[in-house]
Amino acid sequence: MSDQKRLFLVDAYALIFRGYYAFIKNPRINSKGEDTSAIMGFMNSLLDVIKRERPDHLAVCFDKGGSTDRVEMYQDYKANRDETPEGIKTAVPYIYEILKAMHIPIMVKEGYEADDVIGTLAKKAEKEGYKTFMVTPDKDFAQLVSDNIFMYRPVFGGGYETWGIPEVQKKFEVTDPLQVIDYLGMMGDASDNIPGLPGVGDKTAKKFLAQFGSMEGLLANTDQLKGKMKEKVEANGELGLLSKKLATIMLDVPVEFNAKDFELDHPDVEKVKEIFQSLEFRRLTDNFVKTFSTEAPTTNNTSTTEAKTETKATPKAQKSAGAGQFSLFGGDASSNEETVSEYTRKTAETSSHFYQSVSPGMATKLFVKNLMTQNSVCFDTETTGLNPLTAELVGIAFSWEVGKGFYVPFPENKDEAQELIEELRPFFESETIQKIGQNLKYDIKILAKYNIDVKGKLFDTMLAHYLINPDMRHNMDVLAETYLNYTPISITELIGKKGKNQLSMREVPLEKQTEYAVEDADITLQLKEHFEKELGEANTQQLFDDIELPLLRVLADMELEGINLDKDFLNSLSEELNNDISNLEKRIYNTAGEEFNIASPKQLGVILFEKLKLVDKPKKTKTGQYSTAEDVLSYLAKDHQIIRDVLDFRGLSKLKSTYVDALPLQVEDSTNRVHTDYMQTVAATGRLSSNNPNLQNIPIRTERGRQVRKAFVPRNEDYTLLAADYSQIELRIIAALSEEETMIEAFKNGEDIHASTASRVFNVPISDVSREQRSNAKTVNFGIIYGVSAFGLSNQTDLSRSEAKELIDTYYETYPKLKAYMSKQVDFARDNGYVQTVLGRRRYLKDINSRNAVVRGAAERNAVNAPIQGSAADIIKIAMINIHQKLKASDYKSKMLLQVHDELVFDVYKPELDNMKSLIKSEMENAYKLSVPLDVELDIGDNWLEAH
DNA sequence: CGGACCACCTA
DNA sequence: GTAGGTGGTCCGG
């Protein structure tokens with residue numbers, strides 16, 4: 001290790017951009033609606049560098065006002081760049097503030113780019129005997145690398161690589177780092193808008209450098225080139241030289257290197273903490289405090305003589321050598337504790353893990369005994385697949401202490417597996433031990449197949465996070481990385497990519513199963529501790545305890561129950577459709593004069609608009625194709641049979657492929673029923689979603705489509721299907737929340753709400769409302785819920801834009817409180833960054849104060865819609881929980897099968913029909929008390945179509 | 001074979 | 001204009 005002084009120069013914007021885009025799919029939004037991705041990304045990198053390297057000299061360099069020299073040279077310099085994203089612009093002042101509080105010098109020079117500042121400083125520092133590390137992902141810096149100047153480059157997936165001369169020689173295939181300038185000049189750089197030589201990319205540039213050594217060398221020897229390349233290079237010599245100049249980092253910026261100014265001082269920890277907390281950086285705050293208030297380790301990781309690629313040291317790397325050295329229980333546990341703390345002290349941010357598998361027999365009995373003494377345990381089942389109806393248990397992991405856990409492997413033999421689970425039954429069925437898990441619905445369904453009923457209080461980390469931040473994704477890997485800064489073993493690492501050669505969990509060696517499974521339980525336990533507090537802060541504990549957790553068990557039951565499907569009926573429907581589709585096909589091919597793929601919008605567009613020229617100026621999609629969307633085509637339908645045929649073809653094909661043919665394939669062999677999977681954590685408003693198959697979008701609007709519903713039938717002839725629908729629930733909610741008396745009265749009097757609205761806005765007696773007036777009123781009523789615009793309304797009706805606008809204005813005059821309510825929601829969102837439902841379910845709207853009117857408009861519509869849609873979701877969830885509870889309590893044979901947002905479908909045992917009718921209607925209508933009565937319509941039938 | 005894009009099904 | 005899911009084509013690794 002050299003004791004030479006080291007200077008770190010951080011390329012601020014490059015790291016800010018990198019941080020911002022790293023979170024782009026999953027931006028960090030705090031409760032004030034601020035996008036803090038860029039700040040967090042940058043601070044993570046900076047702290048990481050400081051922690052790893054403990055530099056004694058450091059500065060952060062910013063651009064200011066761009067490079068005036070380069071713009072003089074080349075007008076278009078960086079002209080291609082998209083405007084800086086808002087999330088980055090707002091981040092910069094915060095970062096300045098944080099850097100000041102950290103006592104880190106900031107280097108900016110008006111009219112120079114950070115590259116130039118860093119380059120100049122690096123060269124000056126080199127003269128004074130420093131080793132300089134340029135912290136940047138930008139490969140342009142490679143031109144500055146020397147014996148004493150290195151690139152310190154973050155790599156994707158974590159960690160850094162150091163580029164010295166050998167690395168640069170290898171990466172760019174050059175002998176001297178200065179040739180990187182020639183390389184960039186030849187190849188160009190789209191993001192900096194350096195033009196480069198036309199037709200020259202990475203490969204050709206490297207070839208030229210090997211052959212001619214430099215741009216000038218190339219231009220002087222173009223006679224050695226041939227063909228098109230010769231012409232192009234000769235014609236663009238000037239451009240090449242200019243590009244080279246643009247790519248050259250300037251070394252004459254008027255900045256001084258005074259070592260004293262760059263010394264890394266101790267930060268104002270309190271100040272930084274304060275800023276971090278105001279930004280709601282919980283983990284970063286901890287991390288920061290840990291880094292700066294403990295004794296810093298003295299080792300330096302970077303070898304300054306030989307550059308090496310480093311990989312990020314995850315806590316995993318620090319695992320104990322083997323679980324065997326620790327025994328399961330009793331006194332030994334304390335020695336574990338000692339080891340842990342000893343270890344923790346040594347490395348500050350790592351934690352060691354004690355994961356152990358439990359052998360059959362006595363060890364298992366002892367383990368269960370210990371398990372039963374706990375108050376709260378996290379568990380995670382490992383199975384042979386993702387379908388709970390067919391998957392078998394491979395093992396169960398348990399953890400009740402951070403960093404520690406046990407794995408109980410399951411035998412393949414079914415009887416033996418059942419014997420083992422019986423030993424664990426007292427735990428799962430204990431009312432007093434809390435069970436923690438990630439996506440417990442899955443584990444509960446698996447255990448139900450082993451006849452285990454999971455009882456007691458639950459805590460599902462996925463559900464908790466859904467309430468804390470509904471817009472994010474909630475899988476464990478994301479949560480672990482976000483909240484624990486931890487990357488779990490990936491499942492593909494264990495069993496391979498899906499498809500060919502994928503292993504079953506059963507085939508994974510026991511040690512690996514243990515590591516993986518217990519890690520999941522351990523992480524979930526840690527996440528629980530994290531989320532527990534946040535639920536309280538978001539005021540959403542009650543929603544968690546009283547709605548989402550109980551609902552999880554309801555959904556598990558519904559999914560296990562499945563629904564009966566008449567396959568034969570669908571098969572005959574498929575034949576009919578086949579016939580009709582091929583007839584349409586023939587007619588279309590005939591008119592088109594050739595055969596083509598009608599299902600390909602690309603091919604269809606060419607036929608309709610180029611060959612048949614049905615329109616003068618065809619509409620294009622954003623990707624430049626002809627648009628053949630439904631609304632475009634139906635416009636032409638009245639004039640062209642082929643258009644009508646195409647639309648029919650599409651409708652029927654969709655029907656056939658998505659429903660008629662797909663549904664029978666989804667029937668589960670073991671139960672002969674269809675089992676959908678309800679997703680409880682995907683819809684940002686609080687609704688459920690359904691997949692595999694989606695039973696929430698079975699056709700109903702067209703005669704042809706709704707036939708599919710005939711295929712959903714009762715369990716057997718002793719049963720009947722019952723569908724219970726909330727009538728106009730969303731309109732009732734908006735009427736109640738806005739306290740709009742006219743509308744409330746209409747609902748109280750049981751009026752036809754759309755006719756009532758029409759009567760008022762068109763000023764005619766309710767008995768004289770025409771069909772068209774009612775229809776337009778209905779459209780506006782729905783439009784209100786979605787956040788209307790005159791544009792949208794006129795698109796959906798026969799009204800012109802101005803007529804639509806007038807209708808909306810009259811509507812607001814008729815229902816003034818409704819309008820006031822909508823503005824109130826938007827204002828609330830602006831002030832608080834979120835809106836909420838009747839039960840306090842929040843939706844955060846980060847764009848509500850955006851300067852971009854389109855973006856802001858969308859957020860404003862969300863502010864109106866989310867509380868309405870979400871409250872309706874809350875209400876039906878309450879009804880489901882209560883109904884489920886009553887069905888269970890009285891041991892009814894009737895079962896709740898499906899939920900379709902405002903409708904519940906039941907398999908009703910005929911002798912229970914009267915009881916069911918009143919129970920369901922009453923529970924649904926009384927699920928939540930509003931100033932508007934809720935109304936539920938019931939229908940029964942021998943299939944889902946009849947029950948409607 | 002996975003992802004982007006289009007089209008179309010529901011409340 | 002809100003909220004979802006699925007299937008088809010097409011393109012690129």
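Below, chains carry the letters A, B, ... as their sequence lines are ordered, and counting in each starts from 1.
In this structure, A:Asn862 reaches the C:dA3 phosphate: one of its side-chain N or O atoms is under 4.0 Å from OP1 or OP2. The shortest distance between the side-chain N/O atoms of A:Lys602 and the OP1/OP2 oxygens of C:dC11 is below 4.0 Å. Taking 4.0 angstrom as the limit, A:Ser600 places a side-chain polar atom (N or O) nearer than this to OP1 or OP2 of C:dC10.
Residue A:Ala662 is classed as a sugar-phosphate contact, given heavy-atom separations below 4.0 Å to backbone atoms only. Note on A:Arg843: only backbone sugar-phosphate atoms sit closer than 4.0 angstrom, heavy atoms only; bases stay farther off. As judged by a 4.0 angstrom heavy-atom cut-off over every strand, A:Asn692 is placed among residues touching the sugar-phosphate backbone only.
At whole-Å resolution of the value, CG in A:Leu665 and C1' in C:dT6 are 14 Å apart. Distance CD1 (A:Ile733) to C1' (C:dT2): 14 Å, rounded to an integer number of Å. As a whole-Å value, the separation of A:Asp471 CG from C:dG4 C1' is 14 Å. For A:Arg841 and C:dA3, the CZ to C1' distance is 13 Å, given to the nearest whole Å. If you measure from atom CZ of A:Phe649 to atom P of C:dG8, you get 11 Å, rounded to the nearest angstrom. A:Ile784 has its CD1 atom 11 Å from the C1' atom of C:dG1, to the nearest Å. Here C:dG4 presents its P atom at 14 Å from CD of A:Gln899, a figure rounded to the nearest Å. Going from atom CD1 of A:Ile848 over to atom P of C:dT2 covers 13 Å, rounded to whole Å.
No donor-acceptor pair closer than 3.5 Å links the side chain of A:Lys656 to the backbone N or O of A:Ile581. A donor-acceptor contact shorter than 3.5 Å links the side chain of A:Gln603 to the backbone of A:Asn597.
Stacking of A:Lys619 on the aromatic ring of A:Tyr626 is not recorded, the 6.0 Å distance cut-off and the 45° axial limit not both being met.
Residue A:Val682 places its side chain closer to C:dG5 than to any other of C:dT9, C:dG5, C:dT2. Closest contact between the side chain of A:Thr685 and the listed nucleotides C:dG1, C:dA3, C:dT6 involves C:dA3. Of the candidate nucleotides C:dG4, C:dG1, C:dA3, C:dG1 has the atom nearest to the side chain of A:Phe791. The side chain of A:Ser689 approaches C:dG5 more closely than any other nucleotide in the set C:dG8, C:dG5, C:dA3. In the set C:dT9, C:dG1, C:dT6, C:dG1 carries the atom at the smallest distance from any side-chain atom of A:Gln796.
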- Tell me, for nucleotides 6-11 of chain B in 5' to 3' order, what letter each nucleotide earns: B for a base near a protein heavy atom under 4.0 Å, S for only sugar-phosphate near one, - for neither? SSBBSB
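Salt bridge A:Glu730/A:Arg687: present, at least one basic N to carboxylate O contact under 4.0 Å. A salt bridge links A:Arg704 to A:Asp580: at least one charged side-chain nitrogen sits closer than 4.0 Å to a carboxylate oxygen.
In this pair, A:Phe712 and A:Trp944 present their aromatic rings perpendicular. The plane angle is above 60°, beyond the 30 to 60° band.
Partners of A:Arg841 according to the salt bridge (Lys or Arg N to Asp or Glu O under 4.0 Å) rule, which considers only residues two or more places apart in sequence or in another chain, are A:Glu548, A:Asp874.
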